[in-house]
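As a basis for the values below, the full set of heavy atoms in this structure was taken, side chains included, without hydrogen atoms, waters or symmetry mates.
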Amino acid sequence: MSKLAAMKGDSYSEKRLRKWLKQDGAVVVQIKRDEFRCIVKMVLDADGNPAVQYLSAQGKPLHNLSFADQYWIDLATITGQTTFDCGVVVNNDFDLTRRTVRASKKKYDLSGQSVQEIVERKKGEVLYSFKGKMRAVFWLYDLPELNLSYEKRRLHMSRYTVLIAEMPLETPESEVIGFRAGAITDEVVDAAVQDVKDVFAQVRNQGHEGLMIKRINYVWEPKRCADSWMKLKPDDEVDGQIVSYTPGKGKYADMVGSLNCVAADGSEFSVSGMTDAQRRDFTDNFEDYINQWLVATYMERDSKGGYRHPQFKRMHAEKNL
């Protein structure tokens with residue numbers, strides 16, 4: 001697996017949240033969107049002119065984002081920053097985002113200026129279709145080069161989003177939860193934990209994926225930092241690499257029944273829950289899926305480290321770039 005270019009978190013743990021609150025007095029919670037992480041980097045082209053790279057969390061190129069180049073060049077010129085840790089989402093739609101920013105051989109206008117159409121077929125069956133304007137928006141999460149506390153970095157990020165007129169750049173809705181003044185008692189921690197849960201319920205009712213929970217003054221690092229960031233979603237998730245399949249039975253005889261996977265920590269699990277169209281695609285093209293990564297949801301880990309009720313969610317587009 002390639003080295004991470006972005007900072008990544010871990011799944012939510014109330015035990016970890018309580019530790020952070022006791023040690024730091026507060027946490028920052030932000031709305032989590034179903035997006036692609038994107039590291040925006042300023043570089044020089046072959047002629048020595050400013051240019052922009054858009055990289056996935058795995059450090060691989062993202063595409064069709066060049067409409068935003070001049071915005072980023074202008075922002076870098078004004079701020080002196082050359083690296084921006086962001087998320088990018090097209091029309092608030094993960095499926096549309098992955099189909100466009102991963103498309104190295106297809107050109108899409110993601111500036112929101114033109115009507116375009118995407119139709120994907122398999123053996124005559126329409127698997128996906130879209131027609132309309134597509135607009136990519138960047139969500140600014142951090143400034144890796146700015147040697148300031150996270151609280152001050154957040155202030156700078158809020159200012160950056162309004163420096164360049166019409167720049168498709170936003171900062172995530174953030175809230176500080178906790179009590180950094182006075183004694184941090186068990187009652188205070190209990191109240192803060194409940195506040196986090198209440199905010200989570202609110203954002204889920206608004207249709208968002210969940211929350212990112214961050215230590216109040218974490219240090220940015222391009223790696224997985226379980227003791228700095230957590231993601232709180234309705235179900236826990238695990239990434240798995242497909243290694244084989246178990247044949248289906250009954251309705252799914254002669255088809256893929258479940259996909260057998262290995263997670264990054266070496267644990268094994270099998271998932272089902274694919275749609276009939278997805279199951280047919282896995283069956284007809286299984287060799288193409290060997291060693292590809294998928295995302296599965298599960299209820300919890302059991303005492304032996306297994307996964308309770310794992311279900312297929314989607315292919316892991318970023319890891320499969």
Side-chain angles (χ1 to χ4, degrees), residues 6-14 16-17 20-21 24-40 57 65 68 71-72 75 79 81 83-94 96-97 101 110 112 135-144 146 148-180 191-220 225 228-237:
M7 186 168 177
K8 301 282 278 186
D10 205 350
S11 296
Y12 172 78
S13 160
E14 184 172 316
R16 190 183 297 132
L17 173 60
W20 293 357
L21 289 165
D24 306 337
V27 293
V28 174
V29 297
Q30 297 175 331
I31 289 177
K32 185 181 188 306
R33 290 171 168 82
D34 205 2
E35 65 196 353
F36 262 58
R37 289 294 294 285
C38 177
I39 299 296
V40 181
L65 297 171
Y71 291 123
W72 287 110
L75 186 63
T79 65
Q81 303 301 304
T83 304
F84 303 87
D85 185 352
C86 304
V88 63
V89 61
V90 179
N91 291 14
N92 289 318
D93 184 328
F94 180 83
L96 190 58
T97 304
V101 303
L110 300 185
R135 183 173 185 267
V137 174
F138 296 87
W139 291 88
L140 183 55
Y141 291 127
D142 216 329
L143 302 168
L146 200 59
L148 296 172
S149 69
Y150 178 52
E151 285 186 289
K152 292 182 178 179
R153 297 200 305 274
R154 286 197 295 122
L155 292 175
H156 279 272
M157 286 186 275
S158 295
R159 183 171 62 88
Y160 288 4
T161 61
V162 297
L163 285 178
I164 309 297
E166 299 183 357
M167 184 173 185
L169 180 65
E170 305 281 352
T171 52
E173 303 86 339
S174 302
E175 182 174 346
V176 177
I177 292 179
F179 305 86
R180 286 182 289 167
V193 169
Q194 186 58 51
D195 287 344
V196 170
K197 293 178 179 179
D198 290 344
V199 174
F200 174 70
Q202 291 169 13
V203 301
R204 286 295 298 156
N205 287 336
Q206 294 166 2
H208 296 295
E209 187 183 27
L211 289 177
M212 289 300 299
I213 305 171
K214 303 180 179 182
R215 297 195 80 152
I216 191 71
N217 272 321
Y218 71 85
V219 176
W220 189 92
C225 299
S228 296
W229 281 21
M230 291 190 292
K231 52 187 178 183
L232 175 55
K233 300 195 293 185
D235 297 298
D236 282 330
E237 290 185 354

Looking at every heavy atom in both [X] and [Y], which two are closest together, and how far apart are they?
{"X": "Asn217", "Y": "Glu151", "answer": "OD1-N, 3.3 Å"}
{"X": "Val89", "Y": "Asp93", "answer": "CG2-N, 3.7 Å"}
{"X": "Val176", "Y": "Ala26", "answer": "CG1-CB, 3.9 Å"}
{"X": "Ile177", "Y": "Ala192", "answer": "CG2-O, 3.6 Å"}
{"X": "Ser174", "Y": "Gln30", "answer": "OG-NE2, 2.9 Å"}
{"X": "Tyr141", "Y": "Cys86", "answer": "CD1-C, 3.6 Å"}

Next on the checklist: Holding to side-chain contact (heavy atoms from CB on, under 4.5 Å), I want the full list of residues that pass it with Glu237, two or more places apart in sequence or in another chain.
Outcome noted: Glu209, Lys233, Val295, Thr297, Lys313
Item to check | Polar side-chain atom of Thr97 near backbone of Val90 as donor-acceptor pair, under 3.5 Å | outcome: yes
Checklist entry - Backbone N or O of Arg135 within a donor-acceptor pair of the Asn91 side chain at under 3.5 Å? => result yes
Are the side chains of [Y] and [X] in contact, using a 4.5 Å heavy-atom criterion?
{"X": "Val28", "Y": "Arg154", "result": "yes"}
{"X": "Phe94", "Y": "Arg33", "result": "no"}
{"X": "Ser11", "Y": "Lys231", "result": "yes"}

Checklist entry - What class does the angle between the rings of Tyr218 and Trp229 fall in, given that below 30° is parallel, 30 to 60° is tilted and above 60° is perpendicular? => result perpendicular
Roughly how far apart are [X] [atom1] and [Y] [atom2], rounded to 0.5 Å?
{"X": "Tyr150", "Y": "Leu155", "atom1": "OH", "atom2": "CG", "result": "10.5 Å"}
{"X": "His208", "Y": "Ile31", "atom1": "NE2", "atom2": "CD1", "result": "4.0 Å"}
{"X": "Tyr160", "Y": "Leu140", "atom1": "OH", "atom2": "CG", "result": "8.5 Å"}
{"X": "Met230", "Y": "Ile213", "atom1": "CE", "atom2": "CD1", "result": "4.5 Å"}
{"X": "Leu163", "Y": "Tyr71", "atom1": "CG", "atom2": "OH", "result": "14.0 Å"}
{"X": "Leu17", "Y": "Leu232", "atom1": "CG", "atom2": "CG", "result": "9.0 Å"}

Item to check | Residue list, salt bridge (charged side-chain N to carboxylate O under 4.0 Å, His left out) with Asp195, at least two apart or on another chain | outcome: none
Item to check | Residues which pass salt bridge (charged side-chain N to carboxylate O under 4.0 Å, His left out) with Arg215, listed by chain and number, not counting sequence neighbours | outcome: Asp24, Asp227
Checklist entry - Just by distance, with hydrogens left out, do Asp198 and Gln194 show a side-chain donor and acceptor under 3.5 Å apart? => result yes
Item to check | Distance-only donor-acceptor check, side chains Glu170 and Thr161, under 3.5 Å | outcome: no
Checklist entry - Got more than 12 heavy atoms from elsewhere within 6.0 Å of CD, Gln206? => result yes
Next on the checklist: Exactly one of Leu169, Leu75, Asp142 should register a side chain to side chain contact (heavy atoms under 4.5 Å, CB included) with Phe84. Which one does?
Outcome noted: Leu75
Next on the checklist: Is there a side-chain contact (heavy atoms from CB on, under 4.5 Å) between Val203 and Glu173? Walk through the geometry before answering.
Outcome noted: CA-CA 10 Å; Val203 301; Glu173 303 86 339; over 6 Å; no
Checklist entry - Under 6.0 Å from the six-membered ring centre of Tyr12 and within 45° of its axis: does the NZ or CZ of Arg16 meet both? => result no
Checklist entry - side-chain contact (heavy atoms from CB on, under 4.5 Å) between Arg37 and Lys8: does it pass, once the steps are laid out? => result CA-CA 9 Å; Arg37 289 294 294 285; Lys8 301 282 278 186; 3.8 Å; yes
